[in-house]
2 protein chains.
Amino acid sequence: MADTIHFSPASLKVSCSNCSLRELCLPLGLNPDEMAQLDAVIRQSRKLKRGDHLFRSGEGFKSLFAVRTGFFKTTVASQDGREQVTGFHMSGELMGLDGISANLHGCDAIALEDSEVCELPFTRMEELSRDIPSLQRHFYRLMSREIVRDQNVMLLLGNMKAEERIAAFLLNLSQRLASRGFAANDFILRMSREEIGSFLGLKLETVSRTLSKLQQQGWIKVDHKHIQLVQPGELKALVTGCANANTNPM
Amino acid sequence: MADTIHFSPASLKVSCSNCSLRELCLPLGLNPDEMAQLDAVIRQSRKLKRGDHLFRSGEGFKSLFAVRTGFFKTTVASQDGREQVTGFHMSGELMGLDGISANLHGCDAIALEDSEVCELPFTRMEELSRDIPSLQRHFYRLMSREIVRDQNVMLLLGNMKAEERIAAFLLNLSQRLASRGFAANDFILRMSREEIGSFLGLKLETVSRTLSKLQQQGWIKVDHKHIQLVQPGELKALVTGCANANTNPM
DNA sequence: CGTACTGTTGAATGGGTTCAAAGGGTGTGG
DNA sequence: CCACACCCTTTGAACCCATTCAACAGTACG
């Protein structure tokens, strides 16, 4: 087993080339040389404990960060101190894209459990993306995807009722967990009711009540942070407004 | 006068190099050769009439569009038909960035008055941005700025009361108009109350009522679509939550 | 083992929505 | 050029969903 490890113990440092999250952070079809260039630039495994800040709004922007393990929230604050959770981030997802525009981080990133991130020094990535077209394209795509995601959140915040917001939130988590090989319909929430509420534009009491109501209806089971989607189809029907209440988990 | 025009009447086509909006769409400090490359790729002046669609959600994505003259809204729709205005766009602003991720447009773009746009074929821009580092950087910045903007809208939709939303909306318009050389405190709205409401997560009646209330308080004057900011400082105080109600127009 | 935090639930309140009606402006066709 | 129709806007009144205030239970952590 050990004969695949080269050189010194320092190379225990995992590399992008054999990272299982590779296809989430990086484009497909990189050749070995390109992969080596990336491995040389990307610093793996900065570790954070639950509650630690990865970066803060207003700090100088130098790097993007990819979640390796763990779970993060990002928040923005208004001048008078009101705080809004703008997203939850799990393995393979990139944080910090909002910092590029002004060379300052535009939000806080906080670990919601003990976590590990990879650091992608942005100016180096910019340089590399000139030489590696698929990398450039990949970054454009990632940023665009973030814009699409934000637009969908705007749709949610602008149009949906509490029940629909919670259902959309649970289904979104479910789908992201499923795409990482976890159970789609049985998971542990990493965030508090208050954080869910902040993200969804609701108060924590409303989140709690709504979860209870969904449980009463038999769509879900709630045991503190342990959530089971019993009737994901019904949740989906709630979000889409359609009448068909099948149990298709997608 | 005519001696600055070269070749045929076809070259009446305005070019980026002498476009007054250059600094909004393109990076600063391009050399003449780079500028010529861009001029060769960017197609100017597609004209739209009020109500026309520039593109529709689901259509194949090929180009970004920069507003040259006029005014646009972009909207996303949920599966069950609810519609959300995700932004209003004036001269120099780019639309279509959300289409990059899936090669499909993710929203509808509709002209709110007779307008002209420049078309930026994306694959060509991608290629150019490899050769022109400042162009690549510019696109990363633009996309990042869009993400920041969306996060601020999320903050607004998640945390603010009707009065604050309207104030923030008016101040934002004011600021963007001012930066284009128009009056900051006296302007014509290009969109209906319903479109404002959709953008701000309010019903059109609430928009109307709130404008009336702000007028009653003497902060603004409303005459149909003609808006005057009489006390912009008070509006700002409303948004920031601060107590200082000075009249500083910024 | 106690203290503090997180979550649940109830009751009262309130801001925004819904429903409704009427006025004003705009644009088109006669 | 006028008349009519339609849309946009305003305003009122009743209603409702989410918030606020409050009390209590369960859990985590020192």
Side-chain angles (χ1 to χ4, degrees), chain A residues 49-52 71 73 82-85 110 112-114 156-170 188-217 220-228 238 241, chain B residues 49-52 71 73 82-85 110 112-114 156-170 188-217 220-228 238 241:
Chain A
K49 282 191 286 191
R50 182 176 144 184
D52 284 352
F71 204 83
K73 70 170 173 179
R82 278 177 291 195
E83 197 170 275
Q84 168 86 19
V85 171
I110 299 157
L112 294 181
E113 59 180 6
D114 293 358
L156 178 145
L157 292 172
N159 282 299
M160 292 188 178
K161 296 203 183 307
E163 229 181 14
E164 300 169 324
R165 295 184 196 200
I166 295 285
F169 171 73
L170 293 175
I188 306 293
L189 296 176
R190 261 58 211 236
M191 70 295 282
S192 70
R193 302 287 191 262
E194 183 164 22
E195 287 162 337
I196 297 173
S198 170
F199 180 58
L200 297 178
L202 302 168
K203 295 294 160 192
L204 67 96
E205 295 95 326
T206 309
V207 173
S208 184
R209 263 186 258 279
T210 307
L211 286 172
S212 299
K213 196 197 292 181
L214 291 176
Q215 177 170 234
Q216 254 179 328
Q217 290 170 311
I220 68 175
K221 285 183 79 171
V222 184
D223 177 27
H224 306 286
K225 306 217 156 177
H226 179 197
I227 303 284
Q228 295 178 65
L238 214 57
Chain B
K49 281 190 288 192
R50 182 176 144 187
D52 284 351
F71 204 82
K73 69 169 174 179
R82 278 177 291 195
E83 197 170 276
Q84 168 87 19
V85 172
I110 297 158
L112 294 182
E113 59 180 8
D114 294 358
L156 178 146
L157 292 172
N159 281 301
M160 291 188 178
K161 296 205 185 306
E163 226 181 17
E164 299 168 326
R165 294 183 197 201
I166 295 286
F169 170 73
L170 293 176
I188 307 292
L189 297 176
R190 262 57 209 237
M191 70 296 281
S192 70
R193 302 286 191 262
E194 183 164 22
E195 287 162 336
I196 297 174
S198 171
F199 180 58
L200 297 177
L202 302 168
K203 294 296 159 189
L204 68 96
E205 296 94 328
T206 309
V207 174
S208 182
R209 263 186 259 276
T210 307
L211 287 173
S212 300
K213 196 196 291 179
L214 291 176
Q215 178 170 233
Q216 256 180 327
Q217 291 171 311
I220 67 175
K221 284 183 80 172
V222 184
D223 176 27
H224 306 285
K225 306 219 153 173
H226 179 198
I227 303 285
Q228 295 177 67
L238 214 56

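Here is the naming used below: chain letters follow the sequence lines, and residue numbers restart at 1 for every chain. Keep in mind that this is a model prediction, so the values were computed, not measured. Every heavy atom of this structure was used, including side-chain atoms; hydrogens, water molecules and symmetry mates were not.
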Close side-chain approach of Ile227(A) to Val222(A), heavy-atom, < 4.5 Å: yes
Sugar-phosphate, base or nothing in reach of Thr206(B), heavy atoms under 4.0 Å: base
Nucleotides 21-30 of chain D: protein proximity per nucleotide (B base, S sugar-phosphate only, - neither; heavy atom, under 4.0 Å): B----SS---
Report all side-chain donor-acceptor pairs from residues 197-207 of chain A shorter than 3.5 Å, counting only partners two or more places apart or in another chain.
| from | atom 1 | to | atom 2 | distance (Å) |
| --- | --- | --- | --- | --- |
| Ser198(A) | OG | Glu83(A) | O | 3.4 |
| Ser198(A) | OG | Val85(A) | N | 2.8 |

Residues within residues 197-204 of chain B bordering DNA chain C, heavy-atom distance below 4.0 Å: Gly201(B), Leu202(B), Lys203(B)
Residues which pass side-chain hydrogen bond (donor to acceptor under 3.5 Å, both in side chains) with His226(A), listed by chain and number, not counting sequence neighbours: Asp186(A)
Lys161(B): side-chain contact (heavy atoms from CB on, under 4.5 Å) partners, not counting sequence neighbours: Glu164(B)
Passing candidate, side-chain contact (heavy atoms from CB on, under 4.5 Å) with Arg165(B), options Thr210(B), Leu238(B), Leu157(B): Leu157(B)
Touch class at under 4.0 angstrom, heavy-atom based, for Lys225(A) against every strand present: sugar-phosphate
Lys73(A): partners by side-chain hydrogen bond (donor to acceptor under 3.5 Å, both in side chains), with sequence neighbours left out: Glu195(A)
Axis deviation across the helix from dC1(C)-dG30(D) to dG30(C)-dC1(D), five-pair ends, to the nearest 10°: 50°
Leading and trailing nucleotides of DNA chain C with any atom under 4.0 Å from heavy atoms of chain B: dG16(C) to dG25(C)
d(NE2, His226(B); P, dT9(D)) in whole Å: 15 Å
Heavy-atom check, side chain of Leu211(A) versus side chain of Arg193(A), under 4.5 Å: yes
Sequence-distant partners of Lys221(A), side-chain contact (heavy atoms from CB on, under 4.5 Å), two or more places apart: Gln215(A), Gln228(A), Val230(A)
For Glu113(A), all residues meeting side-chain hydrogen bond (donor to acceptor under 3.5 Å, both in side chains), sequence neighbours excluded: Arg190(A)
